[in-house]
Amino acid sequence: MDRRSFFKLGGLTAGAAALAGGALAGCAPTSQSEMADTGAESAGTVAAAEVTASVFDTDILLIGGGFGASFAMEQACRAGQNLIVVDKAPYGFGGAFGMNFDIMHTWTPEAYYETADEVPEGTFVRDWSLFKQMKVQDKDEMYPEVAIANMGEILSPRNDDGTPFYLYDFPTTRGIEHSMTRHWSDYFRSKDYVTVHDKTMITDLIIEDGRCLGAVGIYLPTGEYRVYHAKATVSATGGSTQFFGWNSTSCTSNNCLDNTAEVEMSILRHGGRIADNEFCTYDLMTVYPRSFAASEGAMMGADSVHSGDLADADGNPLTAYVDPEVLTTQEGVIQAMALANDAGKGSENGGVYLTVTEESMPTMRWMYQRNAALLKRNFGFDFLKETVEVVPEMYEHGGQPLVDENAMCRDFEGLFVVRANSGSQGGNVNNTNRGMGRYAMKKAMEYVQSYEPLEGATYASVADEISRLEDLRTREIDDPLRPITVRRNVQYACAEAGRPVRPVATLEAARDELERILAEDVPRMACADKSRTYNLDWKDAIETLNLLDEARLFVAGSLEREESRDSLIRPEFPDVDDVNWKCSLAYTRAEDGTLTSEKITY
C-alpha cells in the first residue's frame, strides 16, 4: 500500500534541519491539513520546507536485489509470500545478479546433509551451529544443477556429449559459468505479490524498542523519501569494499559500487554490533593498463584454480613458497604471495606476476578470455607475450551483524541477514550465500506467521533520519569539501592498510588519517548540488559517512587481532592463535564516534 506523508521542516537553518522526533507518529497523514509542524525556531530560520514521503506496508522487506537476495526471493515465491524488494540498481536488480556479469555458481559435489550433525566443521571462525542448520535444506536447494536448470538458467559451454562444461571440477568444488540470465529475474517480476523498487537507496533502519519495523530510503530519480513498514526485514546487501583504494581511477575491487554498507552502518548507528570487520576475501588481478580498475570484470585474474600461472619476480612458481595443495584456496594463494614479497621477490605494488600460456588461456574464466581479447584488439597488449603484475583485489568485506540460529540479528528483533556467518572467510562464498538466502527468508516467513505488532509504536526515528538527510543535502559550509573528495580521502587512507599484509605502522597511519577525516573533513563536507533530482552529490555524502565508519571498523579490528589468519596477515604476529583469537570481534559505536569491541566465541 502506498500512502503519502507530509513533513514540515520548520527549523531548517544554514547548517541543520530540525525535526521533532514524533513527526510521523506511526500513521501517515493523507492531506496537507494533517501536515506535521515541528514548531522549531532558531536564528537564521528560512522559509519552512515541505518534505513528503511515500509510505509502503509489506509483510517482508528485502533490502538488496543481488545474488543472495535472488535465492531469498525464490524461496518467498515458493510460498507465495508478499514482499517488497528494494535495490539501488537502475534495472530492477543489482549486484552480480542484476549485472549478469558472468556469475559463476560453485558447490561441493554430493555435500548434501540430512541432519546438522552430518555437516563437517572447518577452520574458519564462524557460528557453526547456524552454518550447520543452514546446510540442512532440500537437496534441490543446494545444487545449482537442479535449482538453476529448472529455471532454464544453465547456458554454460557444453561438452561434446551435451553435458554442462564445468570450469571447476574437483573433488571439493564444482562450478559452472553463465548461470544468471534474464529468465531468473523475469520469473520474480511475473509474480504479482513481489514488488520491486529499484533506484531506491535505503539510508536507515526503523528501530524502536529493540525491534526493526522497516526502513527509510530515497527514490534517487526524484529525491522522494520512502518509508517501508514491514513485519520482517531481510538484509541482503552484499559485502562492501569501496573503502579500499586506490588504483588511479577507483578502489581496487570488483564489488558493486552501490554496496556501501548502508544496513550494517545503520545497525552501528542504532547501537548494534558489527563483527568480522578485519576479514576480507581477495583475488589477484592485473593492473595493466593502470587506468583500468583491478577487478575481475575489467582485467585478467588469477583465481586459485589458475594459481599455476603465478610466479615471483625471478619467474619461480608460487609452489617454491608453499605446498601445491595450499594453492587450491584463495587464502592459500594470498599467503604464498605474501611469502614471495617477504623474501623480496614480489612485484612493485606488493603483488606477484601472471604468465599466461596458450595452454592455460582456454581454461580461464570466460570474462578473462574476453578481456584479454579486448585489450589486445584495442591496446595492442598481448597477455600471451608479456608477463604482468597482479595485485590483491578485495572483492568482499566481512563486516556483518551478529545473528542467532534463525539468522535474525541478535541486537534487533525482526531483522534477518542473508550475508551472515561468514567468519574469517571475509565474505560469503556463493554456495553459502545461496544457502543463507533461502534460510534467512524461511526464518523471516516463520516470524511473520507469529508476528505481533509493537504496541505504541511511534516511528519517531523516521523524522530523525529525514532531518539528518536534509542536513546533508542542504548544509552551507565555508570552505566546503565535496563528498567525493572526502570519499577519496577515505580510500587513499586505506590504499595500503587494506591489503592482506597489514603491518602495525601502516594500520596506525591509516587509523590516524581516518580519525582526522572524521574530525576535520566530515564537518566541511557539503553538496554543491542542493536539488533532489538524481543528486549524486547527496548520494555520495550519505555513502561516504557509511564508508568512513566501515573503514574505521576495518582498521580497528585489524589492529586488535594480534595473529595471522587466512587472508589477514600481520607481520608482527605471523602465527594463528586459536587460544586467544578463535572468536569474532564485534564493535559498537558511541555517538561521538568512539569504537568499542567485545569478543564473541561461538
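Annotation: the span from T601 atom OG1 to K582 atom NZ amounts to 10.5 Å, rounded to 0.5 Å. Taking CG from D575 and CD from E563, the interatomic distance works out to 9.5 Å, rounded to the nearest 0.5 Å. To the nearest 0.5 Å, the span separating CG on L553 from CG on N277 amounts to 4.5 Å. In this structure, the separation between OG on S347 and CG on L354 is 11.5 Å, given to the nearest 0.5 Å. Here the SG atom belonging to C212 is positioned 8.5 Å from the NE2 atom belonging to H270, to the nearest 0.5 angstrom. The structure places CZ of R488 at 13.5 Å from CD1 of I517, a figure rounded to the nearest 0.5 Å.
By the 4.5 Å heavy-atom criterion applied to side chains, S240 and L547 are counted as neighbours. A heavy-atom distance below 4.5 Å is not found between the side chains of Q330 and S567. Contact of the E348 side chain with the V391 side chain is not registered, since no non-hydrogen atoms from C-beta on lie closer than 4.5 Å. Counting only heavy atoms from C-beta outward, the side chains of R516 and D521 approach each other to under 4.5 Å. Contact of the L469 side chain with the W538 side chain is registered, since non-hydrogen atoms from C-beta on lie closer than 4.5 Å. Side-chain contact between V234 and M441 is present, with at least one heavy-atom pair separated by less than 4.5 Å. With a 4.5 Å cut-off on side-chain heavy atoms, T252 and M394 do not count as touching. Side-chain contact between E405 and K443 is absent, with no heavy atoms from C-beta onward closer than 4.5 Å.
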Residues V417, Q400; criterion side-chain contact (heavy atoms from CB on, under 4.5 Å); working and verdict: CA-CA 9 Å; V417 184; Q400 59 196 343; 5.6 Å; no

Steps toward side chain to side chain donor-acceptor pair (under 3.5 Å) verdict (T203, E465): CA-CA 8 Å; T203 66; E465 175 62 4; 2.7 Å; yes

Stepwise salt bridge (Lys or Arg N to Asp or Glu O under 4.0 Å) test for K539 and D258: CA-CA 10 Å; K539 179 175 180 284; D258 277 337; 3.2 Å; yes

Audit row: I274, R589, side-chain contact (heavy atoms from CB on, under 4.5 Å) steps and yes/no: CA-CA 9 Å; I274 302 296; R589 182 191 191 277; over 6 Å; no

T594 and D592: CA distance, side-chain angles, deciding distance, side chain to side chain donor-acceptor pair (under 3.5 Å) verdict: CA-CA 6 Å; T594 302; D592 64 358; 2.8 Å; yes

Test side-chain contact (heavy atoms from CB on, under 4.5 Å) applied to N341 and V501, step by step: CA-CA 10 Å; N341 278 271; V501 180; over 6 Å; no

Derivation and outcome, side-chain contact (heavy atoms from CB on, under 4.5 Å), residues I334 and T281: CA-CA 9 Å; I334 294 301; T281 42; over 6 Å; no

Residue pair R410, D404: steps toward the salt bridge (Lys or Arg N to Asp or Glu O under 4.0 Å) verdict: CA-CA 6 Å; R410 294 190 187 188; D404 63 16; over 6 Å; no

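The side chain to side chain donor-acceptor pair (under 3.5 Å) search around T233 returns none, not counting sequence neighbours. Shown here are the side chain to side chain donor-acceptor pair (under 3.5 Å) partners of T115, two or more places apart in sequence or in another chain: E118. Taking the ring pair (Phe, Tyr, Trp, His ring centres under 6.0 Å) definition, one finds that F279 meets it with nothing, sequence neighbours left out.
There is no side-chain donor-acceptor pair under 3.5 Å between T355 and D309. Side-chain polar atoms of T286 and E389 form no donor-acceptor pair below 3.5 angstrom. Using modelled atom types and a 3.5 Å distance limit, the side chains of R269 and N546 yield a donor-acceptor pair. Side-chain N/O atoms of N316 and Y321 include no donor and acceptor closer than 3.5 Å. S129 and D127 are not linked by any side-chain donor-acceptor pair at a separation below 3.5 angstrom, with hydrogens and angles left out of the test. Side chain to side chain, Y587 and E560 meet the donor-acceptor criterion of an N or O pair below 3.5 Å. Between the side chains of S558 and R502, at least one donor N or O lies within less than 3.5 Å of an accepting N or O. Judged purely by distance below 3.5 Å, without hydrogens or angles, the side chains of E413 and Y447 pair a donor atom with an acceptor atom. Between the side chains of T260 and K88, at least one donor N or O sits under 3.5 Å from an acceptor N or O. Side chains of T241 and E396: no donor on one and acceptor on the other come within 3.5 Å.
The minimum heavy-atom distance between C494 and A551, with the atom names listed, is SG-CB, 3.8 Å. In terms of heavy atoms, T544 sits closest to P483 at OG1-O, 3.5 Å. Of all heavy-atom pairs between D549 and M265, the closest is CB-SD, 3.6 Å. Across all their heavy atoms, G94 and A89 have their closest contact at CA-CB, 3.6 Å. Between A338 and I569, the shortest heavy-atom distance links the atoms CB-CD1, 3.5 Å. Of all heavy-atom pairs spanning G65 and A69, the tightest one is CA-CB, 3.8 Å.
In summary, the aromatic rings of H397 and F244 are positioned with their centroids too far apart to meet the 6.0 Å limit. Side-chain rings of Y282 and Y395 stay apart, their centers remaining 6.0 Å or farther from each other.
Counting non-hydrogen atoms of neighbouring residues, nucleotides and ligands closer than 6.0 angstrom, the CD atom of E591 reaches no more than 12 such neighbours. Residue-environment remark: NZ (K345) stays at or below the threshold of 12 foreign heavy atoms within 6.0 Å.
In this structure a side-chain-to-backbone donor-acceptor pair under 3.5 Å is present from S564 to R570. Of the possible donor and acceptor atoms, one in the side chain of R552 sits under 3.5 Å from a partner among the backbone N and O of G593. S584 places no side-chain N or O within 3.5 Å of a backbone atom of A586 that could act as its donor or acceptor partner. For the pair Q491 (side chain) and Q242 (backbone), a donor-acceptor distance under 3.5 Å is present.
Contact check on R273 versus D411 returns a salt bridge, with a Lys/Arg side-chain nitrogen under 4.0 Å from an Asp/Glu carboxylate oxygen. Look at E543 and R487 and you find a salt bridge, because one of the NZ, NE, NH1 or NH2 atoms lies within 4.0 Å of a carboxylate O, short of that distance. Ion pair R499/E496 flagged as a salt bridge, since at least one NZ, NE, NH1 or NH2 atom sits closer than 4.0 Å to an Asp/Glu carboxylate oxygen. The pair R565-D578 meets the salt-bridge criterion, with a side-chain N (NZ, NE, NH1 or NH2) lying under 4.0 Å from an Asp/Glu carboxylate O.
The side chain to side chain contact (heavy atoms under 4.5 Å, CB included) test with S235 singles out one residue from L61, V263, L62, L205, and that residue is V263.
Under a cutoff of 6.0 Å and an axis angle of 45°, R126 and F131 form a cation-pi pair.
In this pair, F554 and F243 present their aromatic rings tilted. The plane angle is within the 30 to 60° band.
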